[in-house]
Amino acid sequence: MQRSKIKEILGRESPGGDVLVQGWVKTRRSSKAVSFVQVSDGSTLADIQVVADESLPNFQAVDALTTGCSVSVIGTLVESPGKGQKYEIHAKSIEVVGESDPDTYPLQKKRHTVEFLRDIAHLRPRTNTFGAMARVRNALAYAIHGFFQDKGFLFLQAPMITTSDAEGAGAMFRVTTLDLANVPMKDGAVNAEEDFFGKPTFLTVSGQLEAEIFALALSDVYTFGPTFRAENSNTSRHLAEFWMVEPEVAFCDLDGLADLSEEFLKHIFTYVLDHCQEDMGFFNQYFDKTAISTLEGIVTSDFERLTYTEAVDILQRSGESFEFPVVWGSDLQSEHERYLAETKIGKPIIVTDYPKEIKAFYMRLNEDGKTARALDVLVPRIGEIIGGSQREERRDVLLERIRQSGLDEKNYWWYLDLRSYGTVPHAGFGLGFERTVQFVTGVANIRDVIPFPRTPNNAEF
RNA sequence: UCCCGAGUAGCUCAGCGGUAGAGCGGGCGGCUGUUAACCGCUAGGUCCGAGGUUCGAAUCCUCGCUCGGGAGCCA
């Protein structure tokens with residue numbers, strides 16, 4: 001007999017017939033002659049109620065089932081006379097596949113804090129919260145691929161090991177096979193020539209530069225993969241290992257990129273609203289009462305667009321007393337971004353054209369000579385969810401910016417080559433995948449929207 | 001890394017200088033087509049760790065560790 005998923009069973013038009021369900025016991029309620037076993041298989045948030053009575057040869061064992069046991073159930077799908085569920089399974093046989101000692105099994109049939117569950121990350125996928133998170137995360141990933149595939153973008157697998165030692169994105173993890181107890185030295189420094197790649201290598205902080213290479217040949221590409229930052233960041237929005245989506249578009253300027261980012265976010269939010277109603281209802285009830293209404297508001301309204309200069313002006317005229325002063329030339333602080341996205345505008349904002357001094361060397365210089373064609377998409381509660389820019393396609397300007405930034409132009413020879421041979425205006429952005437899952441679900445801590453979070457001092461599991 | 005706050009039963013917390021508590025969960029028993037079922041009984045603690053103050057410390061002080069909130073770095 002073939003296994004049926006609970007999601008499929010609960011979605012049936014009518015009851016009837018025998019089914020095989022395999023999964024894990026959420027809870028059991030018993031009386032003398034009958035036992036109600038709630039079984040979950042992760043296909044959907046809902047459990048299915050299995051009704052077992054004394055006619056089962058192993059009723060005693062079934063009556064002793066506890067949270068976490070795994071079972072294989074064959075029975076008849078019938079309409080449930082009780083409240084709370086449409087169908088239930090009248091069991092003909094229940095095989096106890098795996099036991100679960102209730103004295104030591106940490107999950108209980110009650111709500112646990114996300115902090116406690118983080119310590120048992122091998123078991124937390126069995127909770128409603130992490131099941132829902134995994135399904136929403138999966139749907140978002142699918143929607144991201146779908147959006148770009150439908151537009152003819154090419155999915156590019158950027159390398160995770162890189163030799164570009166910096167591009168301003170932050171501290172990097174070193175990759176080495178050298179014996180750390182006996183590091184080869186040369187002239188007082190580590191001799192990287194003896195290392196695996198013959199030079200210092202790191203985990204990537206961005207696939208952008210590689211994506212640019214392919215965009216300048218295949219027009220529209222995107223990467224979607226793990227990204228690493230060795231910053232000692234301890235916040236609810238930072239991970240040392242996270243997933244990033246980076247489209248790169250040839251023959252595209254900043255306005256085109258802003259349009260793309262808005263269309264992109266609306267598409268993936270719409271997809272989740274349409275395909276994850278049950279899970280989103282759960283998050284809306286237990287994590288953020290405005291999760292669904294926020295997404296619905298976003299997909300039906302236009303994003304606000306401001307230049308950095310306009311944003312500074314609005315902040316200065318706001319009459320708010322900020323901890324940090326608002327001065328043209330310094331970056332917007334978290335409190336400023338939140339005021340704009342949460343209080344003043346109340347929806348996503350695309351801020352463009354930042355002072356060049358606070359942005360990376362590769363961002364295209366504006367005609368005013370003071371600002372760069374950069375873009376941040378700010379959303380309520382999370383802040384920056386997308387950061388991007390039009391790239392500097394003029395070789396001489398780019399070279400000057402590399403030198404001004406104190407970088408060694410020799411390391412960027414191929415990046416400069418792209419501007420020597422058939423250069424075109426192009427633009428791209430990076431979307432923090434986990435921040436997107438956070439924003440969509442309303443889950444407050446980024447450690448709870450990734451299966452196994454890596455943060456300073458934590459790489460368990 | 002910086003600034004706050006918190007670590008007490010398996011979980012969530014109360015107790016804040018004088019014999020360590022509750023709810024939930026667990027075990028045992030009862031009861032009912034049950035719904036976080038319900039009722040009774042019961043077991044369960046290096047009060048985060050190390051020093052110190054005191055006749056006496058879960059409680060006050062110092063340091064450390066872990067977690068949470070905020071900030072910086074950013075996605």
Side-chain angles (χ1 to χ4, degrees), chain A residues 26-38 46-53 63-64 66-68 78 80-85 88 90 100-120 127-128 167-172 205-208 224 226-246 261 322-324 330-338 358-360 375-379 382-388 429-439 444-450 455-458:
Chain A
K26 273 272 172 62
T27 175
R28 190 205 78 246
R29 296 174 292 275
S30 282
S31 63
K32 195 173 287 174
V34 65
S35 208
F36 301 90
V37 187
Q38 297 292 138
D47 315 323
I48 194 153
Q49 173 164 286
V50 174
V51 185
D53 63 34
D63 198 43
T66 53
T67 306
V78 300
S80 176
K83 287 179 181 157
Q85 62 278 318
E88 64 187 23
H90 281 192
S100 175
D101 184 353
D103 272 342
T104 54
Y105 189 63
L107 290 174
Q108 301 169 1
K109 50 183 174 189
K110 63 173 230 171
R111 288 185 70 184
H112 285 294
T113 61
V114 289
E115 290 84 10
F116 172 68
L117 293 175
R118 227 172 272 155
D119 292 333
I120 48 168
T127 64
N128 288 339
E167 44 113 336
M172 303 177 89
V205 292
S206 164
Q208 179 202 321
F224 185 6
T227 307
F228 308 88
R229 304 277 166 91
E231 298 289 348
N232 191 9
S233 296
N234 293 287
T235 83
S236 58
R237 330 178 279 289
H238 286 88
L239 291 165
E241 177 186 276
F242 63 100
W243 283 59
M244 187 152 67
V245 180
E246 295 183 285
S261 66
F322 294 112
E323 189 186 345
F324 295 91
S330 22
D331 211 351
L332 299 178
Q333 303 288 317
S334 286
E335 55 172 346
H336 305 146
E337 295 182 348
R338 294 183 71 146
I358 59 173
K359 288 295 177 182
L375 153 169
D376 280 359
V377 180
L378 311 178
V379 295
I382 308 294
E384 188 180 341
I385 196 170
I386 280 179
F429 65 72
L431 169 93
F433 185 56
E434 282 73 23
R435 286 187 185 177
T436 306
V437 182
Q438 263 190 289
F439 179 67
N445 197 307
I446 200 165
R447 291 155 207 206
D448 304 320
V449 297
I450 189 167
T455 52
N457 254 317
N458 179 25

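Small disclaimer: the values here were computed from a predicted structure and weren't measured. The chains referred to below are lettered A, B, ... by the order of the sequence lines, with proteins before strands, and numbering in each begins at 1. Atoms considered below: every heavy atom in the structure, side chains included; atoms not considered: hydrogens, waters and symmetry mates.
- Residue contacts for Q85(A): at a heavy-atom cut-off of 4.0 Å it reaches a base atom on one of the strands shown.
- If you check A71(B), U35(B), U12(B) against the side chain of N234(A), the one that comes closest is A71(B).
- Closest to the side chain of N457(A), out of U66(B), G69(B), A75(B), is U66(B).
- Among the heavy atoms of the strands lying under 4.0 Å from G82(A) is at least one base atom, whether or not backbone atoms are also near.
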Would you tabulate the pairs of protein nitrogen or oxygen atoms and nucleotide nitrogen or oxygen atoms of nucleotides 45-48 of chain B closer than 3.5 angstrom?
none

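- Summarising the base pairing, U35(B) is matched to no nucleotide, lacking a Watson-Crick or G-U wobble pair whose two defining distances lie under 3.5 Å.
- The interatomic distance linking Q108(A) (CD) with G10(B) (P) rounds to 11 Å, in whole Å.
- Note on T235(A): every side-chain N or O is 4.0 Å or more away from OP1 and OP2 of G72(B).
- Whole-Å rounding puts the D119(A) CG to G7(B) P distance at 17 Å.
- For F36(A) and G33(B), the ring-to-base geometry does not satisfy the stacking test (centroid distance below 5.5 Å, interplanar angle below 30°).
- Here K110(A) lies in heavy-atom contact (under 4.0 Å) with a base.
- U19(B) is unpaired under the criterion used here, namely a Watson-Crick or G-U wobble arrangement in which both key atom distances are under 3.5 Å.
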